[in-house]
Amino acid sequence: MKRTSIAMAAAAMLTAAGVHAQSNVQMYGLLDLGVDYMSDAAANGKSVTRVSSGGMNTSRWGLRGSEDLGGGLKAVWRLEGGILMDTGAQDGNLFKRQATVGLEGAYGSLLLGRSFTSVYDTVIRFDPMGFAPFYSWATSGNATGPSKYGMTTGFDNLVKYAGSTGAFKYGVTYAFGEQAASSEDSAKIAAAVSYEANGLGLMGTWERINGNTLVATGRRDNTNAYHLGMYYETGPFKVWLAGRNYGLESGKAATPDVKANTYWTGLAYKPQPNVTLTGAIYYMDVRNVAAGKDADPIMYVARYRYALSKRTDLYATVGYAKAKHGQLVGLSRDDAGFADAQHGAMVGIQHRF
């Protein structure tokens, strides 16, 4: 019944677009599926071969629309959810990725709801692997350590502004904590600025995440993450260099702070218009942990991408991750690793509509 209601609601929205000519409603999506191999994918050291969703990008579908209000002002909205293509299941909440409504005009856009942060929108353009779920640590590291040392990709209860001036883009996102004890508890903020012109890209971002105040200490966890990055594109080549400084200040007494720097670099080469070869390296310098417990993991990735059309690509990706001091590591930022090294490969297809 629930799925039927959702389908009927989507159909009604699309039908409404034809009735009200002043509004514009679109359905869109990205479907990414492949065959994935991973070594050391279980505690017994066994490997796994499976069909996996999201080899290059997270599969998703969505509805978006706008209404011309006159004078260059538009009302805009978006509903977007993730799909697990290997099972057809819903990935999280129905519109976990985005659920926003707002205004857009000459001075930028202002949105309310659930969405990606200004930091996410900026850093993705400076990641050679484009936040690939299995083969990128640009948003966060592997999930096996005490912390992912990453950024928060999306906020609930947000107000988000995005604007541009010439080659500069900028934005700020604020999420209300909505806690009765304090307006600062669980509050979040993300800000970013970038410059992109003539093949050169530069960016800087900042994010702060507040926890809730602890009665025992009167303090709260505070996480700060900073990014600096650049890319340069000339002819068939494009090179990236970026990094993140991450620090979590604990609100608990006698608890050490969590610190790590993540660095990545990459190179892409297009020998012909529909072929892209990309290589990337991600490295995390884990700090402020007990001696012999710093994993300092590194990951090497290479990908071949062949465009069958403007909307459909075939790809093949290989990766290898290694940690120090016998600590656990994994290629995926979401799936735990079970050894101090892991290698994997994936071949797949992606279609955008």
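Just so you know, these numbers come straight off a predicted model, no measurement behind them.
- Residues Val172 and Val119 fall into different hydrophobic clusters, defined by Ile, Leu, Val, Met, Phe, Trp and Tyr side chains chained together at heavy-atom separations under 4.5 Å.
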Requested in this report: Show your working on salt bridge (charged side-chain N to carboxylate O under 4.0 Å, His left out) between Asp296 and Arg287 and close with a plain yes or no.
Outcome: CA-CA 9 Å; Asp296 289 348; Arg287 301 185 173 190; over 6 Å; no
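- Judged as a salt bridge (Lys or Arg N to Asp or Glu O under 4.0 Å), the pairs with a partner in residues 84-100 (not counting sequence neighbours) are, in order, Glu80-Arg97.
- For the residue pair Thr213 / Arg219, no side-chain donor-acceptor distance below 3.5 Å is found, with atom types taken as modelled.
- In the displayed structure, Arg311 atom CZ is contacted under 6.0 Å by at most 12 heavy atoms of other residues, nucleotides or ligands.
- Between the side chains of Thr165 and Tyr170, a donor-acceptor pair is found at a separation under 3.5 Å.
- Both Met284 and Leu248 are members of a single hydrophobic cluster when ILVMFWY side chains are connected at heavy-atom separations under 4.5 Å.
- Taking the side chain as every heavy atom from C-beta outward, Leu111 and Val101 never approach each other to under 4.5 Å.
- Using a 4.5 Å heavy-atom threshold, the side chains of Val159 and Leu110 count as touching.
- The backbone N or O of Leu214 lies less than 3.5 Å from no partner atom in the side chain of Arg220, so there is not a single donor-acceptor pair.
- The shortest distance between side-chain heavy atoms of Val286 and Pro297 falls below 4.5 Å.
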Report task. Step by step, work out the salt bridge (charged side-chain N to carboxylate O under 4.0 Å, His left out) result for Lys46 and Asp40. Result -> CA-CA 5 Å; Lys46 297 292 186 179; Asp40 301 288; over 6 Å; no
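- Transitive grouping of hydrophobic side chains (ILVMFWY, heavy atoms separated by less than 4.5 Å) keeps Leu30 and Leu79 in distinct clusters.
- From Asp121, atom CG reaches atom CE of Met203 across 12.5 Å, with rounding to the nearest 0.5 Å.
- You'll find the side chain of Tyr320 stays beyond 4.5 Å of the side chain of Ile298, heavy atoms only.
- Glu196 places no side-chain N or O within donor-acceptor distance of the main-chain N or O of Ala167, the cut-off being under 3.5 Å.
- The OH atom of Tyr263 sits 10.5 Å away from atom CG of Leu241, with the distance rounded to the nearest 0.5 Å.
- Remark: side-chain polar atoms of Ser332 are not paired, donor with acceptor, to backbone N or O of Gly330 under 3.5 angstrom.
- Applying the side chain to side chain donor-acceptor pair (under 3.5 Å) criterion to Ser140, with sequence neighbours excluded, gives no partner residue.
- With values rounded to the nearest 0.5 angstrom, Tyr28 atom OH is found 9.5 Å from Trp61 atom CH2.
- Evaluated for a ring-ring contact (aromatic ring centres under 6.0 Å, His included) with Phe131, the options Phe126, Tyr120, Trp137 yield exactly one hit, Tyr120.
- Nearest approach of His325 to Lys293, heavy atoms of both residues: ND1-N, 4.4 Å.
- Ser186 and Asn212 share a side-chain donor-acceptor pair at under 3.5 Å.
- By the criterion of side-chain heavy atoms lying less than 4.5 angstrom apart, applied directly or through intervening Ile, Leu, Val, Met, Phe, Trp or Tyr residues, Leu277 is grouped together with Tyr306 in one hydrophobic cluster.
- Between the Gln272 side chain and the Asn274 main chain, no donor and acceptor come within less than 3.5 Å of each other.
- Using a 4.0 Å cut-off between charged nitrogen and carboxylate oxygen, Lys148 and Asp334 count as a salt-bridge pair.
- A salt bridge does not link Lys74 with Glu67: none of the charged nitrogens is closer than 4.0 Å to a carboxylate oxygen.
- Comment: Asp221 does not engage Lys252 in a salt bridge, judged by the lack of any side-chain N to carboxylate O separation of less than 4.0 angstrom.
- Between Tyr174 and Phe176, the gap from one ring centroid to the other is short of 6.0 Å.
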Report task. Test side chain to side chain contact (heavy atoms under 4.5 Å, CB included) on Leu308 and Leu314 and set out the steps. Result -> CA-CA 7 Å; Leu308 294 173; Leu314 300 177; 3.8 Å; yes
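- With rounding to the nearest 0.5 angstrom, the OH atom of Tyr135 is 6.5 Å from the OG1 atom of Thr317.
- Under the 30°/60° scheme for interplanar angles, the aromatic rings of His343 and Tyr37 are found to be tilted.
- Looking at Pro128 and Trp264, their side chains come closer than 4.5 Å, going by heavy atoms from C-beta outward.
- Closest approach of Tyr304 and Val275 over heavy atoms only: CE1-CG1, 3.6 Å.
- Side chain of Trp77 to backbone of Leu63: no donor-acceptor contact under 3.5 angstrom is found.
- Distance OG/Ser118 to CH2/Trp206: 11.5 Å, rounded to 0.5 Å.
- Side-chain contact between Asp156 and Leu158 is absent, with no heavy-atom pair separated by less than 4.5 Å.
- Counting only heavy atoms from C-beta outward, the side chains of Tyr315 and Met346 approach each other to under 4.5 Å.
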Query raised in the report: Do Lys259 and Asp294 pass the salt bridge (charged side-chain N to carboxylate O under 4.0 Å, His left out) test, and can you show the C-alpha distance, the side-chain angles, and the key distance before you say yes or no?
Result: CA-CA 11 Å; Lys259 298 180 180 180; Asp294 50 328; over 6 Å; no
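- The one candidate from Asp127, Thr265, Asn142 that meets the side chain to side chain contact (heavy atoms under 4.5 Å, CB included) condition with Tyr282 is Asp127.
- Linking ILVMFWY side-chain heavy atoms closer than 4.5 Å, directly or via other members, places Val25 and Leu94 in a single hydrophobic cluster.
- The closest side-chain heavy-atom distance from Asn261 to Tyr149 is not below 4.5 Å.
- Checked for salt-bridge contact, Asp36 and Arg50 meet the test: a charged N lies under 4.0 Å from a carboxylate O.
- Side-chain N or O atoms of Gln342 include one that pairs as donor or acceptor with a backbone N or O of Leu331 at under 3.5 Å.
- Remark: Glu184 CD is loosely packed, at most 12 non-hydrogen atoms of other residues, nucleotides or ligands lying under 6.0 Å away.
- Under the 6.0 Å distance and 45° angle rule, Lys238 counts as a cation-pi partner of Tyr231.
- Residues Val347 and Ala316 share a closest heavy-atom pair of CG1-CB, 3.8 Å.
- Side-chain contact annotation: Gln350 with Asn57, donor-acceptor N/O pair under 3.5 Å present.
- What you find for Thr122 and Ala192 is that their closest heavy atoms are OG1-CB, 3.3 Å.
- In Asn198, the CG atom is not crowded: 12 or fewer heavy atoms of neighbouring residues, nucleotides or ligands sit closer than 6.0 Å.
- Between the Asp32 side chain and the Met56 main chain, a donor and an acceptor come within less than 3.5 Å of each other.
- Of all heavy-atom pairs spanning Ser59 and Gly54, the tightest one is OG-N, 4.2 Å.
- Residue Met129 comes nearest to Ala280 through the heavy atom pair CG-CB, 4.1 Å, listed as atom of the first residue, atom of the second, then distance.
- In this structure, the separation between NZ on Lys160 and OG1 on Thr100 is 8.0 Å, given to the nearest 0.5 Å.
- Between the side chains of Lys169 and Ser164, not a single donor N or O lies within less than 3.5 Å of an accepting N or O.
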